[in-house]
Structures are given as structure tokens and as C-alpha cells.
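One structure is given below, encoded as C-alpha cells.
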Protein chains: 2
Amino acid sequence: MSRRVTSQDVADLAGVSRTTVSFVLNDVHRFSIRPETAEKVRLAAQQLAYYPNASAKALASNQTKNIGLIISRAPQYIASDPFLPQILSGLLDALKENSQGLLLEWVEPGQQLQSYLELTRAHHIDGIILMTPRLDDPGLRALEEADIPVVVMGYIPGSSLHSVDVDNITAAETAVNHLLELGHRSIACITNAALPYTSATQRLEGYKSALQKAGVEFIPELVREADFDIQSGYRQMKSLIESAQEFTAVFVASDNVALGAYSALGEAGLSIPEDVSVVGFDDIPLASFVTPTLTSVTVSGQEIAIESYNLLTRLMRGEMPEFRSVTLPTRLIPRESSREIGRRGKRGAEKKSAKFVSCFNDQ
Amino acid sequence: MSRRVTSQDVADLAGVSRTTVSFVLNDVHRFSIRPETAEKVRLAAQQLAYYPNASAKALASNQTKNIGLIISRAPQYIASDPFLPQILSGLLDALKENSQGLLLEWVEPGQQLQSYLELTRAHHIDGIILMTPRLDDPGLRALEEADIPVVVMGYIPGSSLHSVDVDNITAAETAVNHLLELGHRSIACITNAALPYTSATQRLEGYKSALQKAGVEFIPELVREADFDIQSGYRQMKSLIESAQEFTAVFVASDNVALGAYSALGEAGLSIPEDVSVVGFDDIPLASFVTPTLTSVTVSGQEIAIESYNLLTRLMRGEMPEFRSVTLPTRLIPRESSREIGRRGKRGAEKKSAKFVSCFNDQ
DNA sequence: AGCAACTATTAACGCGCGTTAGTAATGATT
DNA sequence: AATCATTACTAACGCGCGTTAATAGTTGCT
């Protein structure tokens, strides 16, 4: 309950003015200060365990030392996201060095405009990183016009906002090409999210493009839209299986969703990769630990986070007025879940391989 | 670049004083205000798209409207945590209703004291939720003495801090009892984290206790310490397999770690549950989608988050001076990964079941 | 001695808001 | 007519800090 320690207290103890304290503790070299004085001040500050009040500092300096990470997705979709921790990990690490804070926000679709306005105007934060943007986000214009640094994780065509992203289209093409090279011709696709999310659209784009370049017909019935979480992957794969469509491989644009697909395939008595090859996307840590290990496209959440943060930092320092969009590299990691189309490649419920089925039927 | 809109602007436009604006927008009923006046003010505020400056508000009112979630773990361990998103999801949801913000912080072991002091003194936040506390955290005393509301997710024996946790000991006992009831007598244990983390110690405690009550000898060589992530689960399980110790079941105190164990078992040619039964902890969403589905103990991250937030809210309102510690229920969810000790229960590298091996050797 | 050119320090203002003490106007009561 | 309550509002202070303009003290040079 002891009164709060202010810079005045430090000044009194050190026998100097509050201004001097401020200069010393903020390393203001414009006004020179005798080393002994500085030392006295530092000692007094330490002795009193003085920590400058964040709000006062923010008000006076017009800098909050916080950046905001905005997730435009409802909490229930956040709960099972294996990718978010990577982003957070990268961001927190980078922020620590500059002793900045991370303010987490989610905005519900429909409330974007107002939320963004409040965020930028209320000035809780110095800069914004926008995650999982939607093409149809009505608040993006407001962000473009707001005079606060913004970096988008992901690509918004036609937007003037700075962005960091992987080349989703090319990456998806590479993934599908991998399947094509293995001899697959009937390749299904399950998106990572609903199509208003740009990454989903782009990855689907890459899928189509790869097929086209290989001269393979695009069959809309082989495409399903998932919704971030495992359940949706399970559902959509089940839907694919139940449809009469034939396919020997599937490109699932999210590892998380792919794991749901694994489950549905197993339940239907289909073996991976004997009956169906699977390629995922994101290369989450788990990908190399599931059975069979999952072929995937590396996307380092940490890297995206760090790159976004670096870009944001430069914007906050007032550098770089010109437009810039960073594209990070991806790499296909072939693992066990994809293999050459085999002799037993024709699928059919009656030809179930015994290998994985047992686990589902025994108990 | 347009100047910031202040409450003075709103006052001018509405033709009243700044004070009146403040009263209207903050719903201060102590001073009555004519409805028409209030309406004028509200209209003006909306017209100017006025959002009160957060820092100024915080400084004047001594309330930041932010709470801090503190993770005492290094970022690399955050990256693959499947439990964190659940916590965040729950917290974000609850916070939204009170239009509060969430400030994320990690403190590195060794820096706790200073970090906590800064957090509490700098007053960036109104309240603290402390995740994954360590028994040996030297900063806890500082938190106890600081006059800021604190809720700990987890249990710290002997601490006066309010806390929310599941009954780790009982839950672990239940998990191990489940294995005992299935006839297992040689049960290994892999902890979820290093023992300074309280949950790890407690779950190990529950494991020992269950064995003791069943009259089964505790064999230290059957215990391994993992470290949050999948890799550590893989390593520790490998270590167990390579040791000469016999076991027919394993209690892994974290689903995430258990998935690593899955991988190591598969690689060694051991089938789950034919050769080794596995019980996890946390019931992450993935648990019901892996092959075989993982028997686990439900711990709802969302619930823990919401309960912690509720407790914190009451503390921040100044209620409840008395000590309180909330314990949330857990439930064992039997799935495919655990079954009665079988005919083929004796393990040995030469008796590998072909089922899972194929995936590792074929490509 | 006299003036300039530093160096070291501080008084004082403003950031935008919440809030207390006080004023002015109106109606009710003696 | 004078007093008192009530209503509707405002002037003015303070939150704790950063920062500018100004002030005292010191040295160097002619």
C-alpha cells in the first residue's frame, strides 16, 4: 500500500531535479550531464526500485511501447490453432529485445471497422500486426488511412498495407507437383479455411494452377473447404470419401486440417500412403511425429513473426515510406505420407489395408 | 496526419464543458445531466469519431484496462504448446465482454524478480495471470507483496496467491489407476516438464501415489522428465525403450509429449496398445484424432482461463480479501491407446508388430 | 578585466483525461 | 422576501512524465 515511487522521489534522494533524472534514465545526450551526477541518479533509482509509470510515459512521449497483434477470427477457432504459438513465440522473442509489449486482440468478423478505429485512435499501441486477414474485411481501408504503422501477415491484393507472407500459390503448386510427379492424377484438395481468407484462396489457386500446367482436369467435386480446425478436416475428408469421387491423393492446405483428414481416412479403412497420399501445409512440429509422418510445406511461424516485427519496427521509426511486401521462402519436406501411386492404389472400401484399421476397430 | 480528437473538441462541438463530456461518456450518474445535453454530447462524440486516449485515461483514472498474462517459459517452449491457444481463446473471449485488453509477457527463468517488479510498478496492467509457475520462482514473494491482483494458473504450495488449477495429483492417480485396472503392473512415467514446474511434480506425485495404493513397487528407472515439447517426448520414450526396463504401459503427463512418445514407440516397432498402453494428460483437441486415439485426462484450458479471469476480476473490484483457490474437475477419457494387458503384452524388440513399422521403412 | 563559448542544471509547460469543489439557476419552503 | 434544497453544469487541479527555454557556473581567449 506504500505510495508509488515517482521520479520526483528519485530526484529528491539524488539531490537533483526531476528533469535531470529523466535525462539520465532515458539516456538523453543532447544535454550533457556530469558522470558523477548520473551515477548518483542511477543509484537513487535502484535504491528506491523506481520504475517509471507506463501510462504517464506513454502520455508524455506519445509512445506506448506496445504493439498489437490482431486476430480476425473467433476464439473457438483460436483454441486449436497449432500455428499461433509459433507466431507468438517469434514475436515475444523479438519484442523482448526492445522491451516492448504485445497486446493481443481478436476482432469478430463484422466488427472490424469499429475495432480498428478504436485501436488506432485510442492509441493503446504504437503499431499493428494483422493476422489471418480476410479479403472481405471492411476495416482494411480504415487501417490504410490511419496514421499508425501496420503490417499484415498474409497478402491482401490491391491493398497498400505492408505485408509479410509466404508465396502461397507457388508453395501449393510445389506440393501438388510433388503428387503429380509421384504419378497421381486424381488429386483432391481440402482448403485450410473458408475462401474469404486470402491464404485459402491462394493455396487453392496453386492447386488449380499445378493441375492445369500438368494437363490434368480440374474437378470441382474434389475440392472441399475446411475451417482451421481438426474437426473440419475430419468432416471434409469424410465428405470426400462418401462422395463417389475417385482420388489417390489429397492436398490439404493445413497440417492441422490434414490430421483430421488422417483420422477420417483411417476410420474409412484407407491407408496412408498405400491408398491415399497426403500432403499438408505449414509443417507444424507435429508433422514429423505423426504416423505416418506428414509430407508438408515448411512455413516458419517464427520467421514470419520476426520478419513482420522487423518491418513494423522500421515503419515505427518512420523509415520506408515506399511500399514493401516481404515474401518468405517455403520448402517441400517429403515424408512418409506421400508415395508413388502403387499397385494397390485403386481405392475402395472393400480393399482396406489391415494395417491402420485395427486401431479403430479393436476397442 | 489530422490532429487527434480530444474530449475538448467534443465539448466544443456540443457546446458544453469537457467535464460534462466526461460525465456523459463514462456514465457518471452522481451528477445528474439533462437527457438532451447527454444526447448532444453523444452525437458530437460520434460525429467526430472520438475515442478517448487510453494512456491519458489510464493516467488519470489509475486503471489501464489491461491484464497481463505472464508465461514463465522461454519462447522456444511456447512455440509448440498446443495448450496455450486454449488458454488464450478462453481469456480473449472473457476479456472482450469487459472490453479489456490482454498483454502477453514471457519472463526468462532467472529474471523473474526484476520482471515482476517492473510489471507491477510500471503499472502497464491492472492485474496479473501467471501461467506455468515454477516452484523455485524467486519472484513470487514480490508478487505476494505487490498491491496488484494476481491469479496463478497452477498451484504453488505455501503461497498466499490466489490460484486456479486442476487437481493434478488426483487426476494423475486416476490415469494410473485406469492402467492398473487394465492389469498393467509395469507402468512407466514421462513427466510433462521439468520438476521445478509444479504441475510436473504433482502429476508425478499422483503416479507414485496410485502405485503405492495398489501395492506396486515404484521403480525410479521407469520415470523420465520431458520438457513440454514433442521432441522431448520422443527422446524420453526412446530412452525408456533403450533402457533394459520392462513396461507394458506408460503414463505421459502431457498429450503433446505423448505424441512424441507415440513416434518413438512406432519407430521401435512397438504397437499401441498391443505392446504398450499409453495414457496422456490435457486432452488436447488432437487426442481424439491421432491413431490410435489417445486416452487422456480432460483439462479444459478455456475453463481454466475463464475461471482465472473471473477470480481476477473479483480481486480487481476489491472483493474477496480472503484466500481462495479454485480447483477444476478433470475426467479420464478412455480411448484406443489403452487396453487390457494382452497376450502379446510382453515387449521386446524382436517381437515387433508389423503394423506400424511399415510406415517407417517403406520410403 | 571583459566577453564569448561552453557545460551542467532546472523551472515550467503540456500530454488528455478524471474528478472535486464550487457556481449559477430554478423551484420549494418558511 | 429570505432561506434552503435541488438540478445542471463548469473551473481548476492533479495524475507522472518528457521536453523546451532559460539560468547559473565555468573555462578560454583577447
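Residue numbering restarts at 1 for every chain, and letters A, B, ... go by the order of the sequence lines. Predicted, not measured: the structure shown is a model, and the values here were computed from it.
Both tests hold for A/Arg73 against A/Phe228: distance to the six-membered ring centre under 6.0 Å, angle to the ring axis within 45°.
Atom CZ in B/Arg121 sits roughly 13 Å away from atom P in D/dG16 (whole-Å rounding). Rounded to an integer number of Å, the gap from B/Tyr51 OH to C/dC17 P is 14 Å. The interatomic distance linking A/Gln63 (CD) with C/dC15 (P) rounds to 17 Å, in whole Å. A straight line from NZ of A/Lys57 to P of C/dG16 spans 19 Å, rounded to a whole angstrom. With rounding to whole Å, B/Phe23 atom CZ is found 9 Å from D/dC9 atom C1'. Atom pair A/Asp12:CG and C/dA11:P shows a separation of 11 Å (rounding to whole Å applied). Atoms CG (B/Asn53) and C1' (C/dC17) sit 8 Å apart, rounded to a whole Å. One can place CD of A/Gln8 at 14 Å from C1' of D/dC15, the figure rounded to the nearest angstrom.
In this structure, B/Ser22 reaches the C/dG18 phosphate: one of its side-chain N or O atoms is under 4.0 Å from OP1 or OP2. In this structure, A/Ser17 does not reach the C/dT9 phosphate: none of its side-chain N or O atoms is under 4.0 Å from OP1 or OP2. Between B/Arg34 and D/dC9 there is a side-chain N or O to OP1 or OP2 distance below 4.0 Å. Distances shown here put every side-chain N or O of A/Ser61 at or beyond 4.0 Å from the OP1 or OP2 atom of D/dC17. Taking 4.0 angstrom as the limit, B/Thr20 places a side-chain polar atom (N or O) nearer than this to OP1 or OP2 of D/dT10. Put simply, B/Ser7 has a side-chain N or O that comes within less than 4.0 Å of OP1 or OP2 on C/dC17. Taking side-chain N and O atoms only, B/Asn62 has no distance below 4.0 Å to OP1 or OP2 of C/dG18. Between A/Ser32 and the phosphate of C/dC6, there is no side-chain N or O to OP1/OP2 separation shorter than 4.0 Å.
In summary, the side chains of B/Glu97 and B/Tyr309 do not present any donor paired with an acceptor at a separation below 3.5 Å, with no hydrogens or angles considered. Inspection of the B/Ser300 and B/Gln86 side chains reveals no N or O donor paired with an N or O acceptor under 3.5 Å. B/Gln112 and B/Ser72 form no side-chain donor-acceptor contact under 3.5 Å, judged by distance and modelled atom types alone. B/Thr19 and B/Ser22 share no side-chain donor-acceptor pair at under 3.5 Å. Defined by atom type and a distance below 3.5 Å, a donor-acceptor pair is missing between the side-chain atoms of A/Ser55 and B/Ser55.
Residue B/Arg18 places its side chain closer to D/dA12 than to any other of C/dT20, C/dT9, D/dA12. For A/Asn26, the side-chain atoms get nearest to D/dG18 when compared with the rest of C/dG16, D/dG16, D/dG18. With distances taken from any side-chain atom of A/Thr6 to the nucleotides D/dC9, C/dC17, D/dG16, the minimum falls on D/dG16. In the set C/dT19, C/dT10, D/dG18, the nucleotide with an atom closest to the side chain of A/Ala60 is D/dG18. The side chain of A/Tyr50 lies closest to D/dC17, out of D/dC17, C/dG16, D/dT19. Distance from the side chain of B/Arg30 is smallest for C/dT20 among the nucleotides C/dT20, D/dT10, D/dG18.
Comparing B/Val28 and B/Ser55 by the nucleotide of DNA chain C whose heavy atom lies nearest to each, the residue mapping closer to the 5' end is B/Ser55. Where A/Leu59 and B/Phe31 each meet DNA chain D at their nearest nucleotide, the meeting point lying more 5' is that of B/Phe31.
A salt bridge does not link B/Asp12 with B/Arg18: every distance from a Lys NZ or Arg NE/NH1/NH2 to an Asp or Glu carboxylate oxygen is 4.0 Å or more. With respect to the salt-bridge test (charged N to carboxylate O, under 4.0 angstrom), the residues A/Arg141 and A/Glu145 qualify.
The ring-ring contact (aromatic ring centres under 6.0 Å, His included) analysis of residues 122-147 of chain A, with sequence neighbours excluded, yields no pairs.
Relative to the axis of its first five pairs, the axis of the last five pairs of the helix from C/dA1-D/dT30 to C/dT30-D/dA1 sits at 70°, rounded to 10 degrees.
Looking at A/Thr37, its side chain has no donor and acceptor atom pair within 3.5 Å of the base of C/dT9.
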